[in-house]
Amino acid sequence: MSFVEYGDLIQDGDIAIVYLSHDSMMAVKVQQGAQTQTRYGVIRHSTDLIGQRYGSKVTCSKGGWVHVLHPTPELWTVCLPHRTQILYTTDIATITMMLELKPGSIVCESGTGSGSLSHAILRTIAPTGHLHTVEFHQQRAEKVAEEFKEHRVDHLVTVRNQDVCKDGFGVTGVADAVFLDIPKPWEAVGHAKAAMRKQGGRVCSFSPCIEQVQKTCEALADQGFQEISTLEVLLRVHDVRTVSLPLPDFGPDPSAPARPDTKEQNHASVTLKTTTPPREMPGHTGYLTFATKPRL
């Protein structure tokens with residue numbers, strides 16, 4: 001099992017995703033002799049998981065069942081232990097696209113946090129790329145480094161415990177893209193530029209407040225970055241439901257043969273699928289500011 005390579009069978013030591021329902025999943029470390037309790041009963045790792053194919057339907061001790069899925073960055077995002085506020089797939093997809101990440105890319109990131117974005121970056125840049133990620137908090141840096149090793153992606157990432165605003169990313173002139181998710185990103189813009197290759201590259205900053213965006217844009221402009229733009233991604237999910245609608249009655253057809261009048265008219269209807277927008281919609285998460293380093 002690896003977050004960047006697919007395996008068919010569940011093995012001892014794997015991280016598996018137990019899918020209970022659309023809005024309820026949990027990450028489980030598979031261990032010989034271990035058990036996992038769910039609302040449908042107990043899952044016994046030795047008999048129910050190890051050796052089974054990913055995607056299998058597993059019956060729990062109470063008779064209920066779950067699916068066991070191969071881990072992906074998207075599934076990990078909704079299951080991971082929160083040590084910080086995290087980025088979700090809606091923003092992550094936009095960041096990955098706008099930074100033009102691809103296999104072989106070299107990326108610098110700060111801060112690492114809970115590793116939600118980091119896993120998505122690693123899958124995108126594998127098998128030959130590399131992520132240099134910086135986390136200010138020592139315990140969080142140590143924990144995310146353990147997770148990278150457990151998820152078998154540690155060969156693609158270097159974790160540094162330092163202050164990016166003072167000490168930078170620890171590399172110079174190598175990055176194709178830089179991502180900043182820190183309280184004062186404008187203080188790290190100079191280090192981001194130094195970490196980027198001379199042939200250009202893209203930078204992205206995530207900030208929840210517009211005042212942070214204003215200062216960051218000023219710093220990017222002062223450092224000579226071009227194509228500076230800010231956007232926010234709002235997700236609006238529509239619910240699908242079945243409705244029955246009456247067909248309009250346009251009166252009798254003059255060309256049709258006459259029929260005796262009846263007091264009760266049978267009005268025809270049609271059944272179809274439609275969507276309805278939610279009554280409430282999650283709003284602002286953060287602003288994404290993108291810029292391009294000019295080619296020298």
| request: Could you check Leu272 against Val243 for side-chain contact (heavy atoms from CB on, under 4.5 Å), going step by step and ending with a plain yes or no? | output: CA-CA 6 Å; Leu272 49 83; Val243 297; 3.5 Å; yes
| task | Take Ile43 and Val68 through the side-chain contact (heavy atoms from CB on, under 4.5 Å) test and state the conclusion after the steps. | result | CA-CA 11 Å; Ile43 301 174; Val68 183; 5.5 Å; no
| task | Apply side-chain contact (heavy atoms from CB on, under 4.5 Å) to the pair Thr133 and Arg160, showing each step before the final yes or no. | result | CA-CA 6 Å; Thr133 186; Arg160 292 181 173 87; over 6 Å; no
| message | Under the criterion side-chain contact (heavy atoms from CB on, under 4.5 Å), I'd like the reasoning laid out for Leu20 against Met26: C-alpha separation, chi angles, the key distance, then a yes or no. | response | CA-CA 8 Å; Leu20 293 92; Met26 58 192 297; 4.0 Å; yes
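Considering only heavy atoms from C-beta on, His130 comes within 4.5 Å of Thr158 through its side chain. Contact of the Ser118 side chain with the Leu131 side chain is registered, since non-hydrogen atoms from C-beta on lie closer than 4.5 Å. No side-chain heavy atom of Gln11 sits under 4.5 Å from any side-chain heavy atom of Val30. Between Leu80 and Glu147, every side-chain heavy-atom pair lies at or beyond the 4.5 Å cut-off. Contact of the Lys193 side chain with the Val203 side chain is not registered, since no non-hydrogen atoms from C-beta on lie closer than 4.5 Å. Side-chain contact check for Ser61 versus Arg44: some heavy-atom pair is nearer than 4.5 Å. Side-chain contact between Thr90 and Thr285: absent, with no pair of heavy atoms (C-beta onward) separated by less than 4.5 Å. No side-chain heavy atom of Leu49 sits under 4.5 Å from any side-chain heavy atom of Gln31.
Residue Thr216 comes nearest to Pro185 through the heavy atom pair OG1-CG, 3.2 Å, listed as atom of the first residue, atom of the second, then distance. Minimum heavy-atom separation, Cys204 to Ile95: SG-CG1, 4.2 Å. Nearest heavy atom pair, residue Ser114 against residue Thr84, reads OG-N, 3.1 Å. Here the closest non-hydrogen pair linking Ala27 and Ile15 is CB-CG2, 4.4 Å. The two residues Arg152 and Ser2 have their closest heavy-atom pair at O-OG, 3.4 Å. The nearest pair of heavy atoms linking Lys184 to Cys165 is O-SG, 3.9 Å.
In this structure, the side-chain hydrogen bond (donor to acceptor under 3.5 Å, both in side chains) partners of Thr289, at least two apart in sequence or on a different chain, are Thr230. A search for side-chain contact (heavy atoms from CB on, under 4.5 Å) contacts involving Ala177 returns Leu99, Leu101, not counting sequence neighbours. In this view, Gln138 and Glu142, Asn161 satisfy the side-chain contact (heavy atoms from CB on, under 4.5 Å) rule, not counting sequence neighbours. For Ile92, the side-chain contact (heavy atoms from CB on, under 4.5 Å) partners are Thr77, Leu87, Thr96, Ser116, Leu117, Ala120, not counting sequence neighbours. For Gln37, the side-chain hydrogen bond (donor to acceptor under 3.5 Å, both in side chains) test picks out no residue, with sequence neighbours left out.
Applying the ring-ring contact (aromatic ring centres under 6.0 Å, His included) test to every pair with at least one member in residues 137-167, sequence neighbours left out, gives these pairs: Phe3-His151, Trp76-His151, His119-Phe148, His119-His151. Applying the ring-ring contact (aromatic ring centres under 6.0 Å, His included) definition to pairs two or more places apart or across chains, none involves residues 158-190. Sorted by first and then second residue, the side chain to side chain donor-acceptor pair (under 3.5 Å) pairs involving residues 234-245 (not counting sequence neighbours) are Thr242-Lys273. Listed by first and then second residue, the ring-ring contact (aromatic ring centres under 6.0 Å, His included) pairs involving residues 25-58 are Tyr54-His70 (not counting sequence neighbours). Sorted by first and then second residue, the side chain to side chain donor-acceptor pair (under 3.5 Å) pairs with a member in residues 201-212 read Arg202-Thr292; sequence neighbours excluded. Pairs of residues two or more places apart, or lying in two chains, that qualify as ring-ring contact (aromatic ring centres under 6.0 Å, His included) and include a residue from residues 276-296 are His284-Tyr287.
Without hydrogens or angle criteria, Ser24 side chain to Ser21 main chain gives no donor-acceptor distance under 3.5 Å. Checking side-chain atoms of Asp163 against main-chain N and O of Phe136 turns up no donor-acceptor pair under 3.5 Å. At least one donor-acceptor pair closer than 3.5 Å links the side chain of Asp12 to the backbone N or O of Gln32.
By the 4.0 Å N-to-carboxylate-O rule, Lys143 lies too far from Glu135 to be salt-bridged with it.
Rounded to the nearest 0.5 Å, atoms NZ (Lys293) and CZ (Arg295) are 11.0 Å apart. In this structure, CE in Met196 is found 11.0 Å from CD in Gln199, a value given to the nearest 0.5 Å. Separation of atoms CG (Leu288) and CE (Met98) is listed at 9.0 Å; rounding is to 0.5 Å. Here NZ of Lys102 is found 10.0 Å from OG1 of Thr128. Values are rounded to the nearest 0.5 Å. Atom-to-atom distance recorded for Glu74:CD and Ile17:CD1 is 11.0 Å, nearest 0.5 angstrom. The distance from atom CG of Asp14 to atom NZ of Lys29, rounded to the nearest 0.5 Å, is 10.0 Å.
If you chain together hydrophobic residues whose side chains sit under 4.5 Å apart, Leu231 and Leu234 never meet in one group. With hydrophobic clusters built from ILVMFWY side chains whose heavy atoms lie under 4.5 angstrom apart, Val171 shares a cluster with Val164. A continuous path of ILVMFWY side-chain contacts below 4.5 Å connects Ile182 to Phe225, so both sit in one hydrophobic cluster. Hydrophobic clustering keeps Ile86 apart from Val78 (ILVMFWY residues linked when any side-chain heavy atoms are closer than 4.5 Å, directly or through intermediates). Clustering ILVMFWY residues whenever any of their side-chain heavy atoms sit less than 4.5 angstrom apart, transitively, puts Ile121 in a cluster other than the one holding Val178.
Using the six-membered ring where Trp is involved, Trp65 and His67 have ring planes that are perpendicular, over 60° apart on the 30 and 60° scheme.
Leu235 belongs to a hydrophobic cluster with Val237, counting contacts under 4.5 Å between side-chain heavy atoms of Ile, Leu, Val, Met, Phe, Trp and Tyr, direct or through other members.
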